[in-house]
Structures are given as C-alpha cells and as structure tokens.
Amino acid sequence: MTEPKKQTYDPATIEPKWQQFWLANKVFKTPNPGDPCFDPKRPKFYALDMFPYPSAAGLHVGHPEGYTATDIVSRYKRAKGCNVLHPMGWDAFGLPAEQYAIQTNTHPAKTTEQNVATFRRQLQRLGFSYDWDREISTADPKYFRWTQWIWKQLHQRGLAYESNAPVWWCEELGTVLANDEVINGRSERGDHPCERRPLRQWVLKITEYAERLITDLDGLDWTESLKTMQREWIGRSEGAEIDFDVEGAGARIRVFTTRPDTLFGASFMVLSPEHPLVAQITTPAQRDAVAAYQRAAAAKSELERTDLAKDKSGVFTGAYARNPLFAAADPRGRLPVWIADYVIVTYGTGAIMAVPAGDERDFAFARQFGLPIPGIFAPSTGDAERDARIAAGQECHSDDAPFGPQNDNGTLSLAGLGMAAAKRKVIDWLVAQGRGQAKVTYKLRDWLFSRQRYWGEPFPVLHTQDGVELVPDDQLPVTLPHMDDFQPGGVPESPLIRAKEWVATKDGLGRPAQREINTMPGAAGSSWYFLRFCDPHNDKEFCGKAASDYWLPVDLYVGGTEHAVGHLLYSRFWTKALHDQGCVGVVEPFKKLYNQGMIQAFAYEDARGAIVPKKDTREDGDKVVHAVTGETLKPIVTKMSKRYGNVVNPDDVVGEYGADTLRLYEMYMGPLADSKPWNPKDVPGVHRFLQRSWRLAVPEFPENGPLHAHLRQDRADDPELAKALHRTIHKVEGDIERMAFNTAIAAMMIFVNDATKAMDKLSRSQLLRFAQLLQPFAPHVAEELWERLGGQGWLAYAPWPQVDKRLLVDDEIEVAVQVLGKVRGHAKVPNGAPNDVVLAAARVAVAAWLDGKAVVKEIVVPGKLVNFVVK
RNA sequence: GCCGGAGUGGCGGAAUCGGCAGACGCACAGGUUUCAAAAACCUGCGCCCUCACGGGCGUGCGGGUUCAAGUCCCGCCUCCGGCACCA
C-alpha cells in the first residue's frame, strides 16, 4: 500500500528552511548611521525585549510571549518603511550560574556558555527577526570593560562611594542583597532569611536623582500602575525638620515630620533603638532597660518587627526634650524621650515627634504607655459627639481639620487655620527661630552595588595605602581570575579573597595594593545594555554618540512587571547620569513600556484545596479525577511549576505544531497585558488556521502542481473578497498599533474563512497581500506562501499592503430598530441615507410593535440603529 | 489597612467614542465523507418557556443617570498584583 504523497502544511520542513535563509543572508542586519546601505530618510524604530538570564532550564513559554509581541511590531514597522533596531543578548552574570558551579564543580563561564547556546538555538527556532550581529553578553570582557568604565565615571562624579552602613546579608546565599531583592526580610531568590549587618560595601547615589526619577515619569508612555509603583518606591514626602533640645544633656534631636502643623500636639518623642543619641541621653536609672530593649530589637527578624508588631513596644530613656514652641519653664513643652522599634533608623532622621492626637501610631503608643494626648483640633465633621472626642484628644484624627485655640504660644497662633496654612505658618516661625526648615525626604535608599560573589563584574579599583585608586582606562577590563572553588568563605567575603595572586597587585606608583574582592550585582550589566545594542562592536567608546542619538529612546520595551522597581529604576538612573556627563542625548531610555502578563497553567485541586500533581491525575469523561482515589478534582488556574507537573516546554510545542503555531497561539490567548492560562486543547485551533491559510494556495496533491491553477496567473479581484481583504488589512494594522494581537489574528481567521468558502475566486494578488499581513505573526509560512506565489524580493521588507478606504464602506447597511431600547427588527437602508428615509424603513420593520402606540421620540444613530420611544 | 487592575456562555476571550452583548477560537452535539476511524468539510451551540413562530431573562451584587449601560455615577462582594509602623 502506498499512501499518496500530500502537499500538506509541514512546518518541520519550511521553518528550518526560512530560518537558515534569514541567517545566511543576514536579512535582519540593521545598518547604523554612516554604514553602507543606511537610509536616513526612513523613520527609526527601536523595539526591545527584556533580555533573558540564560538559565540551565532553557526557554520557558513565558519568554516567547513578549518576544513575539516585539517581533510582530518590528516586522510590521519594517513593512511600514522604518529602520528597525531589534536586538537580543544575554544577562549572563548572576547567582544561579554560581550556585550551580558550587554544586557541580563546573566553571560558571562554561555553564553560561552552554546555556547561552541553548537559548540562542531555541530563540532562532522561533523565527524572531533579531539582528544577531548585535548579540551581546554582559559576561563578555568586551562588554563589561564598559560596565567598569561607566562605574568609574560614576565614581569620579561622586556617585559611587564606600559605606559601612547596615546592609541586608543573606547567610544562605553568602552575599548582601539590595533592598528590592529582599521581601519581608527574606531573599527574593530562594526565600532565605536575611539580616541587617554593617559591612563595607560600594553604594551608588541614586538618591541624588530621586526628584528627577519622579518628575520625568510624567512624560513616559507607561501604564499608570507601573509609574505609581515607581513613585511609591521612591516615596517622596514633603515636610519639615525640627530641632528639639534635650534637657541637661547638651544634645539636640532632629526629627522629620510631614505634619509640622501639629507641633502643638507633640507630647513625647521617639528615637529608633539604633539612633546614635540614645547612649548619650539615657539616664543611669534607665540604662539597663534601654540596653535590653536595644538588644531585643536587634535580635528581632524583620518579620517580627513588621508583620507581628501590631502591638507597640518601647522604653523610656529617662530624658526629656523641649518643644521649641514653648519657653523653658512651660510645662507644656516638656516631652519624655522614648525609644521604640516602630521608628525606623534609616528613614528621615530616625527620630520623631509624637503627636498622638494626629497620628494613629503615636496614638496607639500613647494609649499603651499612658502618655498624654493633648487635643489640638476643632473639627466639624458633622458628628458632634465625634468632634468633641477629637477636640478632647480621645480620638485620633489625621485628616485636615481646623486647629483649636490651644495652638498658641503667644508669638505663634494656628487657631482656625487648616492644615496647609498652618504648615506654612509653623515652618516660617521655625525658620525665624533657627529651629527648623522645610524638608523633602525619600524612601528610596542609595543602591547597594556590591556582592560577595565570584560570577560578576570585578570593580576597576585598587585599595592602596593611600586609599582607593581607580584602574586606568587602558587597563580595562579587569577580568576575573580563574578559580575552581566558588564556595563562599563562611565569612561575609567574596570567594575572590582566595585568589591571592589576583588580589595582590601594584598601584600606580608600584607599591603593593589589593584588588577589590567584591563584584558588581546582576543589575549592573542590564542597566545599560539597551545603549550597547546601538553600537555593540565599538571598542573606543561604550556607545558612539551618533548611534545612540539616532536610536534612542527605545520606542517599545516589553517585559514583565517583576522589574518595575529594580531594573527599570536603575536603567533610568544610569541613563540620566550618563546624560549629565554628555555621553547620552536622552534623559529617559524607554519611551513606551508594555508589561506582558504571566502565562499560567491549569492544575487540579482536591477537596482539601491541595494541588494534585499532573502525574497523579487522569481524565474521566469531561472530568479530571485523582488517578488513585478517583476523587473528582477541581480545575484551577495557577503558576506553571515543576512541582505540579504543568510546565509547558516551547521546544515540545514547536516539535508538534511548529514555531508559527506557538507564536500565533501565545498571541491569540488573550490581551498581551493579561495573565492567562495555557490550554493545550486550544493550540490545534490556531494550527488549523495556518493549515487553512496554506490550503488557500497549495493543492492537496502534488500532481495538481505547487499552486492552485487559478493562482498561476493574475486576474481581477473578486469584489466581495476585496472588501473582506481590505477590512482585514485595516483591522490588522490598527490592532498591531494598539498591541491587540489577539483580535488581529481573529480578523485574519475571518478572512481565511471567507476566502475558503469562495476559494476559486481568490486572486494571486489578494493572497500575496494576505501573506504580508500574516508575516509578522507567522513569518515562516508567510515566506513560503510568498515564494510559491512568486512574490518579489524579501517578504520581510515588502511594503505593507495599502488599504482602499472606499472598500471599507458598504452601499447598503442594516440598522437595528429598537422600540423602547429593545431590538425588535432590522432595516436595510442605503449607506448615508437621510434620517427620514431611515425612519420610514425602520417604522415598517417594527410596525407590529408601534401599532396602537404613540411615538414620543425618535432617535437615529447614523449607520447603527433607530430607537422609537413609545407610549 | 492603603494604592492599582480585573470579574462577560461549559472554557480562553470580543465589543476601540454610551448604540444590535457573546466576534474569533476551544469544547460539545448533529450531519457529509469513510469498510471503519482519524482528518477534513457543513450545520447548530448564553439561560429559561415554546413542536414552531416567537417571547422572557442575561455582562459579580444592590441602587442611580440615560431614549439606550458590559461601558458612566454611588454603595458593596470576590479575585489578582504592588506597598505596608516611611512619621
């Protein structure tokens, strides 16, 4: 028996064919200004993906989601005549490679190289139109030479400094971590406990840019929620600093407050347990209690200090401070000074004036320790009883309310004023008295920029007998020494401390010096890679100004929300710092940012709510049951996880259906920004669409030739199909512009359905244009169809088909006819018919519903509907 | 607790500016083809009443604005994400 050979859609043969064609001909190589073939008349478009960390696990289905989206836009923009920069590279330094090295005794450079090879192969299998000549790796000395150079620039401008302040230390990971890498006192990676420790570290002064990092958000095309996240992370607060003298101690406590207007209501002060003045002001009688409290606070984990600490705790120091509003003898001005861990040493000045009448936390503290709660407000909330309680200090009130007559010290009165006016008046008074000034503080801390790791960029710095000395530019890069043992030393030191020959070196004067043994964090290389892509082979500069002036800013940047405050903030900071130095023209690197949602998966839950791993389930009819107990399980949507056995591997999908199907399915699942579950049963649906597209051009049996007979020569377009096609072009174009890829695909499906029903009416020219529409989404099959149909030149650069607007309107349209807002019929009328014609037709269509009724009102929405309001 | 986002058929989702809710796909059912099955193709498919024609109800819940509400306003509920003693 010989099966007749069929010319079916076979991605396994056409996809490798076109991938090799694109690579061999460097189809997507993008020239820079000044290069041969560069066309300055075209507009530019820079489409960027968040480059991956090449893990040993290989590509996850989450990666191709955002990558397909930018690839669609890139291919579309090329067809629209843009010079498109669409690069890819590797965020190759980092912890997992080193952890793996420790476990398996393989050098991280080797595993990284293997992982990169896997990622590159997997990405190339998906047909992305990257300019592979621009591929970069952050772990490549040719790259990190410039990471080190940028760090030197920051250092020379005073933006990099050494600090001994307490930092997050993770024992399990053997390194310090930045604030955004620690969540509730545990490491983001691995969920290990972390603690605060004073350690010498390199820090970058991102706080110097806090104000600009907030204000420049306004001009960016990012989602409001992401901008809000950044604003909140930076955490700007306007208020005042006020100085309080400590009785007898000769000390002065400076506090930060956002409510200087409530100064009359201050009844005690609180220092954080770590505040440097605590030792000086504590009275002998209180010394033991204070020391015990400090020890207890230090021993508490961050979790205990935040999550569990709804009850306030604290200890009196025995000292009293003076409210600057009152004369020395005035008892109203005598404020006991406490220490309590609800005051954080790293925020503001680490000390507060407590105003229990106006602050919930101070109120709770005052209640707990029996401290006075002087009322300061004279509110009128509309609830007289509540007003009385607030005025008497029996209820805390933190909203704007007029101040009462007690807010008066003889030289300053706030009586009757509201919050804003009172703030101004108090600050003016404090300034005149030399007791305080307006002040803005930020929650944002400086960026902890060193790690106790091997697999990162070495710092281009030496420790000499005179202090710190930068390595000269001509000696960059400082490369890592070869090592075989990457174990952390059990002390907070980098493994590099054991590379004794590497560490011991000579300074500029030939005297003994030591290399810095800390390395840079993972976010170092990723904070400027978008710049390097503009000019990746430059060995004179980190990026030529002409190249970055042309390509920047990034027009479209797609990635997950997990980088909302880390990477995106750091990149903005470095761009601004380099801009201030004249090295980069823009102040913001990413004009439009789009966050893709997460691809989730189905899992099955038993009656107790526990997730049953896939291998312990089986299908039973349309239900899924427990393989052993037979219990019916409840389907839920959750993260993909090895533990649940519901991880989808893109290689498997490509193997079964091809890359075009994978790309199309991921875009068809739903809006790019939404999280949505992977449903294996839906994948064949989009695959069938590609098969149907294929069959429009290619006969089933080879004896009928490589193309249907009616497509072998040109002929006039069928008018009905022409309308359908132009509608599709219009829809797909608009949908790509607004990143609505799911509906663009639906529109193409509608066209293919229409065309399939009128197959022999389809013209060659129509099918060529359809291939152009399909190309951004499913480039392999589109190229193959283009070639078979005899399309001219590379499809990737064929101009986008023109929409004939005249074909988008019908001569005759159908309007819905409503009576009292309910659709009761339809009427066909000529397009653009005057209202009286439309109304006449509409009346006929719903005659039965109007019979015996009086029409009170007639509403005509041109081209859409008619509504009769009857009585 | 505070700040975002969301809730639409059996499922994923569509409805872009207040104008016919459910496009498109999946699943399911019936049919054509077949020795049979798969594939492919055709038809149907929100729920309820009805042989049918047709009608009623329907976008998390309760109100409101409007000729007209998934869409706007007020009050809730649930889920997801972020922040969380930041003075």
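Naming convention: chains lettered A, B, ... in sequence-line order (proteins, then strands); numbering from 1 in each chain.
In this structure, OG1 in Thr223(A) is found 7.0 Å from CG in Leu593(A), a value given to the nearest 0.5 Å.
Here Asp674(A) lies out of heavy-atom contact (under 4.0 Å) with every strand. As judged by a 4.0 angstrom heavy-atom cut-off over every strand, Arg236(A) is placed among residues making no nucleic acid contact. Note on Arg445(A): nothing from the nucleic acid sits closer than 4.0 angstrom, heavy atoms only. Among the heavy atoms of the strands lying under 4.0 Å from Pro671(A) are primed sugar atoms or P, OP1, OP2 only; no base atom is included. Using a 4.0 Å heavy-atom cutoff across all strands shown, Ile859(A) reaches at least one base atom of the nucleic acid. At the heavy-atom level, Val869(A) lies under 4.0 Å from the strands shown only through sugar-phosphate atoms. Contact annotation for Lys443(A): base contact, defined as any heavy-atom pair under 4.0 Å involving a base atom. Counting any heavy atom pair closer than 4.0 Å across all strands shown, Trp849(A) reaches sugar-phosphate atoms only and no base atom. Counting non-hydrogen atoms under 4.0 angstrom, Lys731(A) reaches a base of the nucleic acid. Nucleic acid contact class of Glu814(A) (heavy atoms, under 4.0 Å, all strands): base. Note on Asp362(A): nothing from the nucleic acid sits closer than 4.0 angstrom, heavy atoms only. Here Thr756(A) lies out of heavy-atom contact (under 4.0 Å) with every strand.
For A23(B), there is no paired base (Watson-Crick or G-U wobble, both distances below 3.5 Å). Base pairing of C79(B) is made with G5(B), judged by Watson-Crick or G-U wobble geometry with both donor-acceptor distances under 3.5 Å. Remark: U66(B) base-pairs with no nucleotide; criterion is Watson-Crick or G-U wobble with both hydrogen-bond distances under 3.5 Å. Nucleotide A29(B): paired with U43(B) (Watson-Crick or G-U wobble, both distances less than 3.5 Å).
With respect to Trp678(A), the side chain to side chain contact (heavy atoms under 4.5 Å, CB included) criterion is satisfied by exactly one of Val637(A), Val683(A), Asn646(A): Val683(A).
In this structure, the NZ atom of Lys423(A) is 10 Å from the P atom of A87(B), given to the nearest Å. Nucleotide A14(B) holds its C1' atom 11 Å from the CG atom of Asp735(A), rounded to whole Å. Rounded to whole Å, the distance from CG on Leu820(A) to C1' on G19(B) is 15 Å. At whole-Å resolution of the value, CG in Leu271(A) and P in A87(B) are 18 Å apart. Put simply, CG on Leu696(A) is 15 Å from P on A40(B), counting in whole angstrom units. Across the protein-nucleic acid pair, Glu224(A) atom CD and G4(B) atom P stand 10 Å apart, rounded to whole Å. At whole-Å resolution of the value, CG in Leu865(A) and P in G18(B) are 15 Å apart. In this structure, NE2 of His563(A) is placed 16 Å from C1' of G81(B), rounded to the nearest angstrom.
Closest to the side chain of Ile344(A), out of A23(B), G25(B), A87(B), is A87(B). The listed nucleotides are A14(B), C24(B), G4(B); the one nearest the side chain of Ser225(A) is G4(B). Nearest to the side-chain atoms of Arg824(A) among the listed nucleotides A87(B), A14(B), G55(B) stands G55(B). In the set C41(B), A87(B), G25(B), the nucleotide with an atom closest to the side chain of Tyr668(A) is G25(B).
For Lys312(A) against C85(B), a side-chain-to-base donor-acceptor contact under 3.5 Å is present. Side-chain atoms of Asn867(A) come within donor-acceptor range of the base of C67(B), with a qualifying N/O pair under 3.5 Å.
Of the two residues near RNA chain B, Gln818(A) and Arg738(A), the one whose nearest nucleotide lies more 5' is Arg738(A). Comparing Ile745(A) and Val565(A), the nucleotide of RNA chain B nearest to each residue sits closer to the 5' end for Ile745(A).
Using a 4.0 Å cut-off, some side-chain N or O of Lys822(A) falls inside it from OP1 or OP2 of C57(B). Phosphate contact (OP1/OP2 of G12(B), side-chain N/O of Lys676(A), threshold under 4.0 Å): absent. Taking 4.0 angstrom as the limit, Tyr347(A) places a side-chain polar atom (N or O) nearer than this to OP1 or OP2 of A87(B).
Salt bridge annotation for Lys723(A)-Asp810(A): present, with a cationic side-chain nitrogen under 4.0 angstrom from a carboxylate oxygen. One finds no salt bridge joining Asp362(A) and Arg367(A) here, because no Lys/Arg side-chain nitrogen approaches an Asp/Glu carboxylate oxygen to under 4.0 Å.
Base orientation at C77(B) is anti, since its O4'-C1' glycosidic dihedral falls outside 90° of 0.
Using bins of under 30°, 30° to 60° and over 60° for the plane-to-plane angle, the ring pair His567(A)/His563(A) lands in the perpendicular bin.
Of the P atoms belonging to G12(B) and C2(B), the separation is 30 Å, rounded to the nearest Å. Separating the C1' atom of G46(B) from that of A29(B) is a span of 16 Å, rounded to the nearest Å.
Checked against a 6.0 Å centroid threshold, the rings of Phe365(A) and Trp338(A) count as neighbours. Checked against the 6.0 Å centroid threshold, Trp447(A) and Tyr570(A) count as a close aromatic pair.
Side-chain contact between Ile813(A) and Lys828(A) is absent, with no heavy-atom pair separated by less than 4.5 Å.
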